[in-house]
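Beneath this line is the structure, given in structure tokens, with notes to follow.
Here the structure is a predicted model, which means the values were calculated and not measured.
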Protein chains: 2
Amino acid sequence: MNITIYDVAREANVSMATVSRVVNKNSNVKPSTRKKVIEVIDRMGYRPNAVARGLASKKTTTVGAIIPDISSIFYSELVRGIEDIATMYNYNIILTNSDQNKDKELQLINTMLEKQVDGILFMGRNITPEHVEQFSSASVPVVLAATYDETNELPSINIDYEEAAYEATKLLIMKGHEHPAFICGNEHLQSNQFKYDGYLRALTEAGVTINDDFAIREGYSYNAGLEGIKKLLSLPVKPTAVFTGSDEMGVGVIHGAQDLGYEVPKDIEVFGFNNTRMSTMVRPTLSTVIQPMYDLGAVAMRLLTKYMNKEEVTEANVILPHRLVERGSTK
Amino acid sequence: MNITIYDVAREANVSMATVSRVVNKNSNVKPSTRKKVIEVIDRMGYRPNAVARGLASKKTTTVGAIIPDISSIFYSELVRGIEDIATMYNYNIILTNSDQNKDKELQLINTMLEKQVDGILFMGRNITPEHVEQFSSASVPVVLAATYDETNELPSINIDYEEAAYEATKLLIMKGHEHPAFICGNEHLQSNQFKYDGYLRALTEAGVTINDDFAIREGYSYNAGLEGIKKLLSLPVKPTAVFTGSDEMGVGVIHGAQDLGYEVPKDIEVFGFNNTRMSTMVRPTLSTVIQPMYDLGAVAMRLLTKYMNKEEVTEANVILPHRLVERGSTK
DNA sequence: ATGAAAGCGCTAACAA
DNA sequence: TTGTTAGCGCTTTCAT
């Protein structure tokens, strides 16, 4: 049997209420009794039972994080941001992978709620009314990170993907490429759609006639980049620059082009997205859009603490800044 | 106020014990009452409170995972293995980062225990008697993954690092390199020490006189590889092959050599470790030791479930197989 | 400053 | 098959 608060109380000749007070650093305890109680706690090796505490106080100091896939370089960095801030505010994280599966997401939200988390951090492809309904079946605060909310009802942290893609494409155009190509996942992920929108806006603004063959909208991995560029370079009219939706695809494009005997950036310039560590671990190094992944997580967690403490929140939908870095894959 | 088991019982005209039975799929319930109760549960949207359940049953169906750093490609893959098996057995994971800091590790174990986890998965540099003491201050099972236990008391999942390093080095020697070089983190991480031991064994077995300049034993990142190879190639006698302790360092070595005008594998052959996704995302692709990261996590979690269910365990210290893959960075 | 006592929502004997 | 009841270990009024 474990030591309980009751054992400590008996041993210290005080009531359990007093022990509870010293454990919770309540100031209404005479210094001498506090000292005595602490001494007994240390001696007996008393460890408060957080479950009992949670039941009595209705606070568990744990928050649920639902993410698509922790093994992705993007989300693991983001989760690190979440974790660090959570630790800072004394929360623990229950982490679950959804694989972007809606049913799984809905079910995970339910599990989190059963476990009485104090708040939920959600990352996924996009929020539907069903998600919102599931969230509101309990009254815990929810914050979205890097996730699009078509219902526009939930607090969120994002960057402006459309604008970032616009800027990257425009940069390529200004470097003299009349019609950069585009390789990115499809519109099922809202951020991909935003990227495509930004890409199109830059093209349109430059008065270019859109060539649909130049937009490859499927896949998301290194291989998608590898194959995408091969497809593009087998076209009768070949692109001279490619903007990709992720660094991984960007690296794939660089290698795919090199495998075909092209030189980067001489024959073809490449621009990535995210600024993952990988972007500097390739030759030439990859120019890319800096997306502050760690900060996305950290700010989301910070925002969640505000809601959990019922602090006032001035801005519920935060857009974090992005910026472009030019490296070896562009001239 | 939330719906409780009591509300459901009243509404369904049964006792809370009966509701508890249907929720827990106890078979001692007449089908008709079961049906009635389920109907009420659905109608009222009853959601069992896992915290109360945990207090009463002394089981939380959550396990704690302590890892060095979730943003590392190695651990995030491993955690994915843990997560998948945990989900399969209906457990949730509380994830925390220790940054290999011993005090933090000890404190995290304590937090996990306070939260009454049913088991702990620990990953770290190495286990000391203090760790063991902290673990045994409660009676929850612990399993180590990819972690060395000098006390040799805890169940663990590992691969044979010494043997793997031996094989990789030997392969390089057999390819005609008299004295391959070695770049790897230092002995503070036990697996690094094992790698070094294996490297030395292959060298010794081949009757080579050890050249200490050829073993760089610091750092762990891409940059360490980059700088390590530059140092090696500035030596009066230069190595013609390098074995590194991680793929990231291996890729760094490839790029560092290329930056200096050397060709891989013509002038210098490179062998990595881990078989992370990165090893195929470089030109030439990296030959490496396949370490089954996902499996390390999955098997560790599976083993933990056995301990938690008090099933019999035949082998508490599991060594998973490794193997070498040759790719473009070796001839 | 301290204590008594009533829950928190559930499980698990034990009875019936 | 079902119900009664006593906790699980703690927080939190309310008294004192």
Side-chain angles (χ1 to χ4, degrees), chain A residues 1-38 40-41 44-62 90 111 113-118 138-140, chain B residues 1-38 40-41 44-62 90 111 113-118 138-140:
Chain A
M1 213 57 246
N2 252 316
I3 311 286
T4 71
I5 197 172
Y6 197 78
D7 301 323
V8 175
R10 187 164 18 77
E11 191 76 9
N13 286 312
V14 296
S15 70
M16 47 190 295
T18 299
V19 178
S20 175
R21 285 189 191 98
V22 348
V23 169
N24 293 299
K25 307 195 191 315
N26 182 315
S27 55
N28 288 338
V29 182
K30 193 166 36 159
S32 66
T33 53
R34 175 189 309 280
K35 184 157 168 273
K36 179 176 59 179
V37 171
I38 288 178
V40 173
I41 286 177
M44 302 183 80
Y46 167 65
R47 174 184 293 131
N49 180 325
V51 173
R53 198 194 288 224
L55 183 59
S57 70
K58 298 181 168 306
K59 287 195 186 327
T60 54
T61 63
T62 106
N90 250 292
T111 304
L113 262 18
E114 282 189 0
K115 296 239 164 160
Q116 312 299 121
V117 295
D118 294 339
S139 55
V140 308
Chain B
M1 213 58 243
N2 251 317
I3 310 287
T4 72
I5 197 172
Y6 197 78
D7 300 324
V8 175
R10 189 166 14 79
E11 191 76 8
N13 285 313
V14 295
S15 72
M16 48 190 297
T18 299
V19 178
S20 176
R21 285 190 189 98
V22 347
V23 168
N24 292 299
K25 306 197 190 316
N26 182 314
S27 57
N28 289 338
V29 182
K30 189 162 47 155
S32 65
T33 51
R34 176 190 307 282
K35 186 157 165 270
K36 180 176 61 180
V37 171
I38 288 179
V40 174
I41 286 177
M44 302 183 79
Y46 167 65
R47 173 184 294 131
N49 180 325
V51 172
R53 197 193 289 220
L55 183 59
S57 70
K58 298 179 167 307
K59 284 190 188 332
T60 54
T61 64
T62 106
N90 248 292
T111 304
L113 263 16
E114 282 189 358
K115 297 238 163 160
Q116 312 298 121
V117 294
D118 294 340
S139 55
V140 308

Length of the [atom1]-[atom2] vector between [X] and [N], whole Å:
| X | N | atom1 | atom2 | answer |
| --- | --- | --- | --- | --- |
| A/Asn2 | D/dC8 | CG | P | 12 Å |
| A/Asn28 | D/dA15 | CG | C1' | 15 Å |
| A/Lys36 | C/dG3 | NZ | C1' | 13 Å |
| A/Lys59 | C/dG9 | NZ | P | 14 Å |
| B/Arg34 | D/dG3 | CZ | P | 14 Å |
| B/Asn26 | D/dG3 | CG | C1' | 14 Å |

Let me see the working for A/Ile5 and A/Tyr46 under side-chain contact (heavy atoms from CB on, under 4.5 Å), right down to the final yes or no. CA-CA 8 Å; A/Ile5 197 172; A/Tyr46 167 65; 3.6 Å; yes

The single option from A/Asn24, A/Thr60, A/Thr61 passing side-chain hydrogen bond (donor to acceptor under 3.5 Å, both in side chains) against A/Arg53: A/Asn24

If every non-hydrogen atom of [X] is compared with every non-hydrogen atom of [Y], which pair is closest and at what distance?
| X | Y | result |
| --- | --- | --- |
| A/Ala52 | B/Leu55 | CB-CD1, 3.7 Å |
| A/Ile41 | A/Val19 | CD1-CG1, 4.5 Å |
| A/Arg21 | A/Val29 | CB-CG2, 3.6 Å |

Hey, could you give me the CE/OG1 distance between A/Met16 and A/Thr4, rounded to the nearest 0.5 Å? 7.5 Å

[X] side chain N/O closer than 4.0 Å to the phosphate oxygens (OP1, OP2) of [N]?
| X | N | value |
| --- | --- | --- |
| A/Thr33 | C/dT2 | yes |
| B/Ser15 | D/dT2 | no |
| A/Lys58 | C/dG9 | yes |

Taking five pairs at each end of the helix from C/dA1-D/dT16 to C/dA16-D/dT1, what angle separates the two helix axes (nearest 10°)? 30°

Residue of the set B/Val40, B/Val8, B/Val37 for which side-chain contact (heavy atoms from CB on, under 4.5 Å) holds with B/Val14: B/Val37

Would B/Met44 and B/Asp7 count as a side-chain contact (heavy atoms from CB on, under 4.5 Å) if you check the C-alpha gap in whole Å, the side-chain angles of each, and the deciding distance to 0.1 Å? CA-CA 9 Å; B/Met44 302 183 79; B/Asp7 300 324; 4.0 Å; yes

Atom pairs, protein N/O to nucleotides 10-13 of chain C N/O, distance under 3.5 Å:
unit_1	atom_1	unit_2	atom_2	d
C/dC10	OP1	B/Tyr46	OH	2.5
C/dC10	OP1	B/Asn49	N	3.1
C/dC10	OP2	B/Ile5	N	2.4
C/dT11	OP1	B/Asn24	OD1	3.4
C/dT11	OP1	B/Asn24	ND2	3.1
C/dT11	OP1	B/Arg53	NE	3.4
C/dT11	OP2	B/Ser20	OG	2.6

Going by heavy atoms in the side chains, are B/Asn26 and B/Val22 under 4.5 Å from each other? no

